[in-house]
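Before any comments, here is the structure.
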Amino acid sequence: MTRALRLADAFERYATLIVAQLQALEQGDLDALEPLGQERDTLAGEIDSLLNEAPHLAEQPDARLQLQRCNAADQRFRARLAVLRGDTRTAVLRERQDAEAMRVYAGAEPPGSRLDIEL
């Protein structure tokens with residue numbers, strides 16, 4: 001396999017990993033994210049090595065197409081992470097507010113009776 005084909009193949013596998021990460025995120029399978037991320041890091045090293053040997057290969061049509069696919073998938077993945085991060089932040093803030101409200105309520109003096117009865 002030529003370097004150009006190896007690079008295009010590596011980009012294709014990289015994009016596939018990003019899509020798998022996005023699917024895991026959508027399915028709530030957070031345990032799958034770490035191994036996929038590690039595999040993605042390993043593959044990124046392989047891609048860097050190929051590009052260091054022959055930087056012009058990134059200009060090949062197959063490689064460029066796969067790189068564009070990687071970028072598009074990564075943008076979708078990052079956008080979804082941003083939404084989930086925002087949702088999580090909102091939920092944490094709501095929990096803090098609820099906990100504070102409970103502390104205030106629990107520490108409040110019980111209301112006294114307004115009925116004044118003299119015997």
Side-chain angles (χ1 to χ4, degrees):
M1 182 183 282
T2 66
R3 280 189 202 157
L5 288 176
R6 285 182 19 223
L7 183 62
D9 178 65
F11 279 143
E12 183 176 2
R13 288 183 289 142
Y14 193 81
T16 300
L17 285 172
I18 297 169
V19 170
Q21 284 183 305
L22 182 57
Q23 289 171 343
L25 205 56
E26 294 294 340
Q27 295 169 358
D29 186 4
L30 301 181
D31 291 335
L33 288 178
E34 185 176 348
L36 288 168
Q38 289 172 350
E39 198 174 337
R40 186 175 163 181
D41 290 344
T42 300
L43 189 52
E46 182 182 325
I47 290 169
D48 286 344
S49 177
L50 285 167
L51 289 174
N52 284 336
E53 292 172 14
H56 67 280
L57 292 178
E59 298 301 321
Q60 299 297 318
D62 287 343
R64 287 181 62 85
L65 180 66
Q66 292 305 331
L67 182 56
Q68 289 170 349
R69 184 173 173 235
C70 288
N71 286 334
D74 193 52
Q75 287 175 359
R76 288 191 312 273
F77 180 67
R78 289 175 186 271
R80 185 63 183 138
L81 279 177
V83 168
L84 291 174
R85 186 175 39 243
D87 291 350
T88 301
R89 182 179 183 278
T90 299
V92 168
L93 290 174
R94 187 175 304 123
E95 288 292 324
R96 286 181 184 163
Q97 290 170 344
D98 290 350
E100 181 60 26
M102 292 298 286
R103 277 193 293 277
V104 168
Y105 178 77
E109 294 290 321
S113 173
R114 294 197 179 269
L115 187 59
D116 187 14
I117 299 177
E118 288 186 36
L119 296 174

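Reckoned from all heavy atoms, side chains included, excluding hydrogens, waters and symmetry mates.
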Nearest heavy-atom neighbours spanning F11 and C70: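 Reported closest heavy-atom pair: O-SG, 3.1 Å.
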Closest non-hydrogen atom pair, R3 against A54: NH1-CB, 3.9 Å
Which distance, rounded to the nearest 0.5 Å, do you find between the [atom1] of [X] and the [atom2] of [Y]?
| X | Y | atom1 | atom2 | result |
| --- | --- | --- | --- | --- |
| T88 | R85 | OG1 | CZ | 9.5 Å |
| Q21 | R78 | CD | CZ | 10.0 Å |
| L51 | H56 | CG | NE2 | 10.0 Å |
| F77 | Q23 | CZ | CD | 11.5 Å |
| R76 | L22 | CZ | CG | 6.5 Å |

Any donor and acceptor pair, going by atom type alone, linking the side chain of T16 with main-chain N or O of E12 inside 3.5 Å? yes
D9 side chain to L5 main-chain N or O, any donor-acceptor pair under 3.5 Å? no
Among R40, R69, R80, exactly one meets salt bridge (Lys or Arg N to Asp or Glu O under 4.0 Å) together with D74. Which residue is that?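 The salt bridge (Lys or Arg N to Asp or Glu O under 4.0 Å) with D74 is passed solely by R40 among R40, R69, R80.
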hydrophobic_cluster_shared for [Y] and [X], side chain cutoff 4.5 Å:
| X | Y | result |
| --- | --- | --- |
| L84 | I18 | yes |
| V19 | L33 | no |
| L65 | L57 | no |

If we only count heavy atoms from C-beta on, is the I47 to Q66 side-chain gap below 4.5 Å?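 Side-chain contact under 4.5 Å: no.
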Side-chain heavy atoms of Q60 within contact of L7, under 4.5 Å: no
When L25 is tested against each of L30, V83, L36 for side chain to side chain contact (heavy atoms under 4.5 Å, CB included), which residue passes? L30
In this structure, are over 12 heavy atoms from other groups packed under 6.0 Å from E34 atom CD? no
Check step by step if side-chain contact (heavy atoms from CB on, under 4.5 Å) holds for L43 and E46. CA-CA 5 Å; L43 189 52; E46 182 182 325; 3.7 Å; yes
